[in-house]
Engineer: 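Let me give you the structure first, and then I'll get to my questions.
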Amino acid sequence: MKIAICDDCQEDIRQLEECIRESKFCPQNQDFCEYSSGETLLADYRDFDIVFLDMKIGEGMNGTITAQSIRRRDTKVIIVFYSDFESPASRISSIRPYDYLLKRYSKEELSQSLDMVLEEVQNKEESPKLPVACDGKVFILQISDIIYIQIYKKGSQIWLTDKKAEEIWGGADSEKELIQTIETKTKLREYYQELRNYGFIYASESYIINVEKVVSRQKDFVRMEGGHNLTVVRRMKKVFDEELGKYYGVRYIRERIKRE
């Protein structure tokens with residue numbers, strides 16, 4: 001695993017590393033990239049699996065601003081805040097952190113939370129490839145290639161990231177727009193059964209979304225990567241928000257939505 005820890009307190013870094021190494025999900029001889037400021041982390045940023053961030057890091061960039069910069073360049077990395085104090089959910093929800101750990105947690109509480117984080121990395125590494133048949137061709141998709149899937153005619157329509165769409169269909173030019181979908185005869189419910197354990201949830205009976213691609217949760221809809229605004233139907237809001245919060249570990253997401 002490629003793990004970065006950004007904290008200006010060396011003792012806190014050591015304690016966190018010790019707890020991580022004790023986890024049954026931590027590889028043997030695990031190494032860490034340590035940073036004492038947001039600026040040094042961003043300057044040396046690489047393809048990390050997890051980034052642990054303190055909220056207050058010295059006199060420079062704080063954890064929220066650092067995390068925002070990370071998320072703009074890396075939509076897949078797991079971000080975990082590790083701090084002395086709590087932060088309102090409204091300030092960090094757009095960053096999509098996996099969890100928010102407090103340094104005052106007991107060792108048992110911290111270990112339980114770290115097990116979940118490290119297990120999530122393992123699950124991502126083991127996430128399946130999805131073969132999709134379309135017009136006599138078979139495309140192999142990664143989970144991260146998909147933004148959402150909706151009912152289309154008698155089958156489904158898969159909305160792709162710009163990168164994957166360009167890879168499959170070629171880029172847009174002055175005379176044509178980028179094709180961003182694949183149409184398939186497979187039913188939506190079949191895709192849901194296959195993808196439900198990998199972060200796909202119903203926002204409506206008509207579509208399932210990849211929570212990894214959520215940019216923000218608004219009162220009545222969810223904004224997805226690529227500028228898609230998808231309505232969350234009223235009867236599904238409670239379950240949707242619970243599943244979204246469970247996936248990202250944001251314990252107070254329901255309170256934020258109620259205030260809005």
Side-chain angles (χ1 to χ4, degrees), residues 47 49 68-79 93-98 123-233 236-237 239-241 243-244 247-248:
D47 187 22
D49 296 307
Q68 288 171 341
S69 297
I70 291 172
R71 186 58 78 206
R72 280 194 290 270
R73 67 171 75 176
D74 190 342
T75 61
K76 298 178 183 179
V77 65
I78 290 177
I79 295 176
S93 58
S94 64
I95 299 164
R96 310 192 312 277
Y98 182 84
N123 290 339
K124 281 192 171 187
E125 292 173 347
E126 298 168 0
S127 63
K129 293 181 174 61
L130 188 70
V132 177
C134 176
D135 294 333
K137 301 177 182 178
V138 176
F139 301 103
I140 307 300
L141 303 181
Q142 301 279 354
I143 300 299
S144 58
D145 295 327
I146 304 169
I147 299 174
Y148 70 99
I149 307 174
Q150 66 179 4
I151 292 174
Y152 181 77
K153 295 183 179 179
K154 294 184 179 180
S156 302
Q157 185 178 58
I158 301 173
W159 282 83
L160 305 170
T161 61
D162 288 349
K163 181 179 179 180
K164 191 63 180 180
E166 289 178 8
E167 179 184 320
I168 291 176
W169 303 118
D173 57 32
S174 58
E175 297 182 0
K176 67 175 184 178
E177 293 184 358
L178 176 65
I179 300 173
Q180 290 189 288
T181 61
I182 296 176
E183 283 75 46
T184 173
K185 294 180 180 179
T186 304
K187 303 293 186 183
L188 181 66
R189 64 178 177 271
E190 295 177 48
Y191 280 129
Y192 177 68
Q193 290 301 320
E194 190 165 357
L195 299 171
R196 61 186 299 178
N197 294 326
Y198 301 97
F200 281 76
I201 56 178
Y202 276 102
S204 161
E205 293 90 344
S206 301
Y207 43 81
I208 56 176
I209 69 159
N210 182 355
V211 297
E212 182 183 307
K213 304 300 181 181
V214 172
V215 174
S216 66
R217 171 70 170 97
Q218 306 297 321
K219 184 176 181 181
D220 297 315
F221 66 93
V222 61
R223 179 165 291 129
M224 307 295 294
E225 179 182 314
H228 305 275
N229 292 332
L230 301 177
T231 299
V232 180
V233 298
M236 290 187 170
K237 279 185 177 181
V239 173
F240 179 87
D241 290 331
E243 290 298 315
L244 189 65
Y247 184 85
Y248 285 118

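Values in this document were obtained by computation on a predicted structure and should not be read as measured data.
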Engineer: Taking all non-hydrogen atoms of both residues into account, name the closest pair between A133 and T184 and its distance.
Structural biologist: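 The answer is O-OG1, 3.4 Å.
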Engineer: Can you tell me how far apart CD1 (I182) and CD (Q180) are? Round to the nearest 0.5 Å.
Structural biologist: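 Interatomic distance, I182 CD1 to Q180 CD, rounded to 0.5 Å: 11.5 Å.
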Engineer: So, applying ring-ring contact (aromatic ring centres under 6.0 Å, His included) with Y192, which one of Y202, Y198, F200 is it?
Structural biologist: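 The passing option is Y202.
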Engineer: Which salt bridge (charged side-chain N to carboxylate O under 4.0 Å, His left out) pairs, counting each pair once, include a residue from residues 222-233, with sequence neighbours left out?
Structural biologist: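 Residue pairs with at least one partner in residues 222-233: K213-E225.
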Engineer: Which class fits the ring pair Y148 and W159: parallel under 30°, tilted 30 to 60°, perpendicular over 60°?
Structural biologist: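 Aromatic pair Y148/W159 classed parallel.
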Engineer: Is there a side chain to side chain contact (heavy atoms under 4.5 Å, CB included) between T181 and Y152 once you walk through the steps?
Structural biologist: CA-CA 11 Å; T181 61; Y152 181 77; over 6 Å; no
Engineer: Does I146 reach the side chain of E212, with side-chain heavy atoms less than 4.5 Å apart?
Structural biologist: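 Not in contact.
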Engineer: Report the C-alpha distance between L141 and L160 in whole Å, list the side-chain angles of each, state the deciding distance to 0.1 Å, and finish with yes or no for side chain to side chain contact (heavy atoms under 4.5 Å, CB included).
Structural biologist: CA-CA 9 Å; L141 303 181; L160 305 170; 4.0 Å; yes
Engineer: Can you list everything that forms a side chain to side chain contact (heavy atoms under 4.5 Å, CB included) with F240? Sequence neighbours excluded, please.
Structural biologist: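 F240 satisfies side chain to side chain contact (heavy atoms under 4.5 Å, CB included) with I201, A203, I209, R217, V222, V232, L244 only.
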Engineer: To check you understand the geometry: which heavy-atom pair defines the closest contact between M224 and N210, and what is its length?
Structural biologist: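 Answer, listing the atom of M224 first, then N210: CE-O, 3.4 Å.
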Engineer: Please, which pairs that meet salt bridge (charged side-chain N to carboxylate O under 4.0 Å, His left out) have at least one residue in residues 144-153, sequence neighbours excluded?
Structural biologist: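 The answer is D145-K164.
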Engineer: Is there any salt bridge (charged side-chain N to carboxylate O under 4.0 Å, His left out) pair reaching into residues 184-208, and which pairs are they, with sequence neighbours excluded?
Structural biologist: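 Checked against salt bridge (charged side-chain N to carboxylate O under 4.0 Å, His left out) - neighbours excluded - the pairs reaching residues 184-208 are E205-R235.
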Engineer: Just jot down the side-chain hydrogen bond (donor to acceptor under 3.5 Å, both in side chains) partners of T161, sequence neighbours excluded, or say none.
Structural biologist: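 Per chain and number, T161 pairs via side-chain hydrogen bond (donor to acceptor under 3.5 Å, both in side chains) with no residue.
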Engineer: Restricting to salt bridge (Lys or Arg N to Asp or Glu O under 4.0 Å), what partner residues turn up for D162, sequence neighbours left out?
Structural biologist: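 Salt bridge (Lys or Arg N to Asp or Glu O under 4.0 Å) check on D162 returns nothing, list empty.
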